Every structure is written in structure tokens, then in C-alpha cells.
Amino acid sequence: MMEAYITNYTDSKYFLASIDERQPRSGPVVLAEEPRSTAIEKLELVRRWSLNTYKCTRQILSEKLGRGSRTVDLELEAQIEILRDNKKKYEHVLKLAQTLSSQLYQMVQTQRQMGDAFADLSLKSIELHEEFGYNADTQKLLAKNGETLLGAINFFISSVNTLVNKTIEDTLITVKQYETARIEYDAYRTDLEELNLGPRDATTLPKIEQSQQMFQMHKEKYDKMRGDVSVKLKFLEENKVKVLHNQLVLFHNAIAAYFAGNQKQLEQTLKQFHVKLKTPGVDAPSWLEEQ
């Protein structure tokens with residue numbers, strides 16, 4: 001009995017020890033080094049962003065109030081202004097072309113319906129069979145030529161839309177990045193100039209050195225963005241001239257052939273510019289279709 005008691009006691013101690021090992025131990029929690037360093041890095045990024053935002057906001061307000069100076073590239077800014085002005089004018093032409101396309105589509109639908117109506121009356125009116133017949137043929141021919149012209153106009157719209165809302169817009173995004181870089185550059189330039197005007201001692205020299213480094217970094221960014229904008233403007237001008245030259249020739253030749261009643265020349269114009277017509281249907285053709 002004594003041996004059995006001792007065995008049970010020993011087992012109980014083992015069981016209690018096992019339970020104790022499973023219990024969570026309370027005490028101070030030590031953060032891992034990696035999450036702690038990540039938090040510090042995030043705080044530093046927020047601090048730098050806040051400081052940069054403050055400096056840029058101060059620079060913008062200073063320029064608007066006429067108190068601060070700004071870096072100006074006269075030639076580049078003149079090109080940017082012309083681009084923005086041209087974009088507005090191209091957008092206006094685009095809207096007019098879309099209106100013309102919509103109105104022409106409605107006219108073509110009416111002519112097709114009139115052709116069908118005249119053809120039906122031609123079969124049912126013996127006395128006016130010929131009169132209704134050639135009117136039906138005329139309206140159907142006008143509708144066919146109208147569909148061909150509509151294809152040319154929609155191709156023109158699609159190409160100009162791509163130029164305005166994709167190619168030019170992409171360049172203007174780079175221009176906005178350049179303008180932001182210019183503001184940052186001027187903000188840190190002004191900050192450095194103000195520090196250089198003050199006293200030079202053990203307290204201010206580290207600040208001046210740090211400001212010089214930030215100024216140099218933003219100067220390099222500004223110079224790079226200015227170069228990027230210049231290159232994009234050059235390529236955009238070349239592409240714009242090429243695209244608009246082809247589209248304006250297409251638009252002119254198609255319109256001239258249509259109103260001259262020259263069906264052969266109208267079809268030849270579309271072949272020349274590789275314009276594919278949609279299959280006639282009940283739905284209005286979309287001017288946003290891909291080329």
C-alpha cells in the first residue's frame with residue numbers, strides 16, 4: 001500500500017508539472033527587432049513626407065503671393081502651354097465630328113427606310129412603278145454612300161480620340177510630374193538660400209550640409225524630368241503631325257467624294273487608308289471602336 005501511495009504521489013507531481021508547463025507565463029513582452037525597426041522606418045517616411053509637403057505648400061503660396069522666386073524654362077513652358085491649348089481645340093473638333101457622325105447615321109437610317117418604302121410602293125402602284133422605283137434606287141444608293149462616309153468619319157474620330165486622350169494625355173502626365181519636381185526643387189533651393197544667409201556655427205552647419213544634399217537631390221530630379229518632358233514633346237509633335245496629316249486627308253477626300261456623288265472615289269479613299277466598314281445593322285456605329 002505504501003509503495004502504491006508513493007507511486008501515485010510521484011505521478012501526481014509529474015501531472016502537475018506538465019500542467020504548469022502548458023500555462024502561459026506572464027511578464028514583460030519584448031518586441032522583436034524587425035517589427036520595431038519597420039515602425040521606425042514608417043515614422044521616418046511620414047516625417048519626411050510631412051516636411052516635404054510643408055516646404056512645397058509654402059513655395060506654392062509664396063509664388064502665388066508674389067513673394068517667392070520660381071525657376072522658369074521659357075522655351076519648355078511655351079511648348080507646354082501650346083500643347084494644352086491644342087488639346088482643348090482638338091477636343092472641340094472631336095465633339096463636332098461625333099455630332100456629325102450621329103447626325104449622318106440618323107440620315108442614313110432615314111434614307112434606307114425611304115428606299116424600302118419607295119420600293120414597296122413601286123410594286124403596288126402600276127401607274128407610278130418607274131417613279132417609285134428610281135426614287136427607291138436613289139435613296140438606297142445614298143444610304144450606301146452614307147454608310148461608307150460614316151466609316152471614314154468614325155475612323156477619323158477614333159484616331160483623333162486616341163491622339164488626344166491617350167498620346168497627348170500621357171505626355172501631360174509627365175508634364176505634371178515635371179511641374180511637381182520643379183516646385184520641390186525651388187522649395188529646397190529657397191530653404192538652402194535662407195540658411196546660407198544666416199549665421200554659420202556648430203548648430204547651423206549640419207543643417208546647411210543636410211539642406212545642400214536635399215537641394216542637390218531635387219535638382220537632379222528636376223533636371224531629369226525636364227529632359228523627359230523635352231523628349232516626349234519632341235516625339236509627340238512628330239507623331240501628331242503624321243497622324244493628323246493622314247486623318248485630315250482621309251476626312252477631306254471622303255467628304256469631297258460623297259458630296260460629288262463619286263461612289264468609286266469614296267470607296268477608293270477608304271481602301272487607301274485601310275478603313276474597314278462595319279456590317280450594316282440596327283445598332284449605331286460607335287466612334288470609340290478600335291481602329
Side-chain angles (χ1 to χ4, degrees), residues 79-80 82-116 136-175 229-291:
Q79 293 176 6
I80 292 171
I82 291 172
L83 174 63
R84 284 176 169 150
D85 185 57
N86 283 341
K87 184 174 185 287
K88 292 179 182 178
K89 293 177 180 178
Y90 296 154
E91 286 172 340
H92 180 60
V93 169
L94 195 56
K95 289 180 180 178
L96 292 175
Q98 290 165 0
T99 302
L100 177 62
S101 174
S102 177
Q103 293 173 346
L104 178 60
Y105 174 79
Q106 295 300 326
M107 186 179 74
V108 168
Q109 298 307 306
T110 303
Q111 289 171 334
R112 183 182 294 113
Q113 291 171 8
M114 287 189 69
D116 293 340
D137 293 340
T138 300
Q139 292 300 318
K140 289 179 180 180
L141 179 61
L142 287 173
K144 181 180 179 182
N145 289 345
E147 288 174 352
T148 307
L149 177 61
L150 197 59
I153 293 175
N154 286 341
F155 188 81
F156 171 84
I157 290 172
S158 178
S159 298
V160 175
N161 181 66
T162 300
L163 174 67
V164 173
N165 294 314
K166 292 184 179 179
T167 311
I168 293 180
E169 187 60 32
D170 177 68
T171 302
L172 287 176
I173 289 173
T174 306
V175 168
V229 169
S230 297
V231 170
K232 281 206 169 186
L233 286 173
K234 179 182 177 182
F235 284 124
L236 173 63
E237 184 64 22
E238 294 174 355
N239 184 48
K240 181 194 73 174
V241 170
K242 181 180 178 180
V243 169
L244 288 180
H245 169 76
N246 290 335
Q247 294 307 313
L248 290 171
V249 171
L250 164 67
F251 191 84
H252 171 269
N253 291 352
I255 292 284
Y258 173 80
F259 283 101
N262 193 335
Q263 181 183 1
K264 184 178 180 181
Q265 182 62 38
L266 182 59
E267 294 175 350
Q268 185 61 37
T269 298
L270 268 67
K271 289 180 181 179
Q272 178 185 352
F273 291 93
H274 309 289
V275 180
K276 295 181 179 179
L277 295 177
K278 281 189 65 178
T279 303
V282 294
D283 296 329
S286 171
W287 52 269
L288 287 175
E289 288 178 17
E290 291 294 330
Q291 297 180 23

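Predicted model, so just to flag it, every value in this text is computed and none were measured.
Listed by chain and number, the residues in a side-chain hydrogen bond (donor to acceptor under 3.5 Å, both in side chains) with Gln268 amount to none (sequence neighbours excluded). Scored by the side chain to side chain contact (heavy atoms under 4.5 Å, CB included) test, Val249 finds His245, Asn253, Phe273 as partners (sequence neighbours excluded). Applying the ring pair (Phe, Tyr, Trp, His ring centres under 6.0 Å) test to Phe251 and every residue at least two apart in sequence or in another chain returns Phe156.
For Ser102 (side chain) and Gln98 (main-chain N/O), no donor-acceptor pair under 3.5 Å exists by modelled atom type.
For the pair Val160 and Tyr90, the tightest heavy-atom approach, listed with the atom from each and the gap, is CG1-O, 4.5 Å. Across every non-hydrogen atom of Leu266 and Asn145, the tightest pair is CD2-O, 3.5 Å. Heavy atoms only, all atoms of each residue included: Ile157 and Leu94 are closest at O-CD1, 3.6 Å. Nearest heavy-atom pair, Gly115 versus Ala136, reported as atom, atom and distance to 0.1 Å: O-CB, 3.5 Å. When all heavy atoms of Ser101 and Asn154 are compared, the closest pair comes out as OG-OD1, 2.7 Å.
The structure places OG of Ser159 at 9.0 Å from CG of Asn246, a figure rounded to the nearest 0.5 Å. The NZ atom of Lys144 sits 14.0 Å away from the CD atom of Gln111 when rounded to the nearest 0.5 Å. With values rounded to the nearest 0.5 angstrom, Leu163 atom CG is found 7.0 Å from Leu236 atom CG. With rounding to the nearest 0.5 angstrom, the CD1 atom of Ile255 is 9.5 Å from the CG atom of Leu250. To the nearest 0.5 Å, the span separating NZ on Lys276 from CZ on Phe155 amounts to 10.5 Å. Here NE2 of His252 is found 10.0 Å from OG1 of Thr269. Values are rounded to the nearest 0.5 Å.
With Glu91 as the fixed residue, the side-chain hydrogen bond (donor to acceptor under 3.5 Å, both in side chains) test singles out one of Lys95, Lys87, Lys89: Lys87.
At a threshold of 4.5 Å between non-hydrogen side-chain atoms, the residues Lys140 and Asp116 count as touching. For the pair Met114 and Leu142, the minimum side-chain heavy-atom distance is 4.5 Å or more. At a threshold of 4.5 Å between non-hydrogen side-chain atoms, the residues Gln263 and Thr148 do not count as touching. You'll find the side chain of Asn86 reaches within 4.5 Å of the side chain of Lys240, heavy atoms only. In this structure, Glu237 and Gln79 have side chains that are not in contact, with every pair of non-hydrogen atoms separated by 4.5 Å or more. The shortest distance between side-chain heavy atoms of Leu104 and Ile153 falls below 4.5 Å.
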